[in-house]
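To keep things clear, I will list the structure first and then write my remarks on it.
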Amino acid sequence: MGTTNTGSIDPIREMAALAHRYGMWLHIDAAYGGSILFSNTYRYLSYGLSEADSFTWDQHKWGLQTYSCSCIIAKDKQKLVRTFAEHPEYLEDIRDSAHVDAWDLGIEMTRPARCLKLWVTCQALGTKRISDIIDRTIHTMEAAEERIREAPGWEITSPSMCGAITFRYAPSCIEKEKYDELNSKIAARLNDETDAYLATTVIKGKKVIRMCVINSSITDRDTAEVIDDLKRIAAETETEYIASRA
Ligand SMILES: *Cc1c(COP(=O)(O)O)cnc(C)c1O
């Protein structure tokens, strides 16, 4: 739920039906996309998640937390206990029978109170504000997608999903075989010459540029500036390439 490359979400309900039919454990990697659960507008995209036996949810991605704050949510907590609990003699006296000790739910024993910062964020902001923040990042990315669609020579290779888009410069005046190299060069120059940093990735064999806004302090103005820089750098890189070919 929310792939790193494109933010895409698999058909969870269909997969859950298969998992149930064959008695398989269904674990969902919602490390990044899980935070759409905070959004009143986009929560529907997680449809089927409740069918999972467990899922991963990184709060240090889109959940407003600093590293590291990640959770495993399991439908049946006792299954985590049966997997991870150990009962050494030296812990007998500090064992609390009234509740499950955190060290029995995962591989760590000594651990910082990672949940505290998340709890404080939830208490301080409230669910409505957090929902608005997640929505805002998604809207920022949708606006960026629109802007790139309108730019001549640019194409969207995966639309806005969970705050991520991928795109590339694919002008008709340049041979298709040169697009990968061209886009790598454009991203490298953007990263060298400006304050922005965009990584490339590969979608269906094509080298593309990935933009992902999960920080709500980034505005439409910021992404517009980055896109203007991309357009300028693309034009320069294209001119240089055509000159070198002549
Ligand atoms: C980030 C990410 C991971 C890895 O999570 P870490 O918190 O870096 O260990 C796994 N899956 C997806 C989809 C991610 O986005």
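Counting convention: from 1, in listed order, for ligands and their atoms alike. It should be emphasised that the depicted structure is a prediction, and the values quoted were computed from it without experimental measurement.
- Taking the six-membered ring where tryptophan is involved, the planes of Tyr169 and Trp154 are tilted, since the angle between them lies from 30° to 60°.
- Listed by chain and number, residues touching ligand 1 at under 4.0 Å (heavy atoms only) are Gly2, Thr4, Asp29, Ala31, Tyr32, Asp58, His60, Lys61.
- Listed by chain and number, the residues in a ring pair (Phe, Tyr, Trp, His ring centres under 6.0 Å) with Phe55 amount to none (sequence neighbours excluded).
- Scored by the salt bridge (Lys or Arg N to Asp or Glu O under 4.0 Å) test, Arg129 finds no partners at all (sequence neighbours excluded).
- In this structure Arg189 satisfies the side chain to side chain contact (heavy atoms under 4.5 Å, CB included) test together with Glu193, Ile233, Glu236, Thr237, Glu240, sequence neighbours excluded.
- One side chain, His27 or Ser54, offers a donor N or O that lies under 3.5 Å from an acceptor on the other.
- Although no hydrogens or angles enter the test, the distance criterion places a donor-acceptor pair under 3.5 Å between the side chain of Asn191 and the main chain of Leu198.
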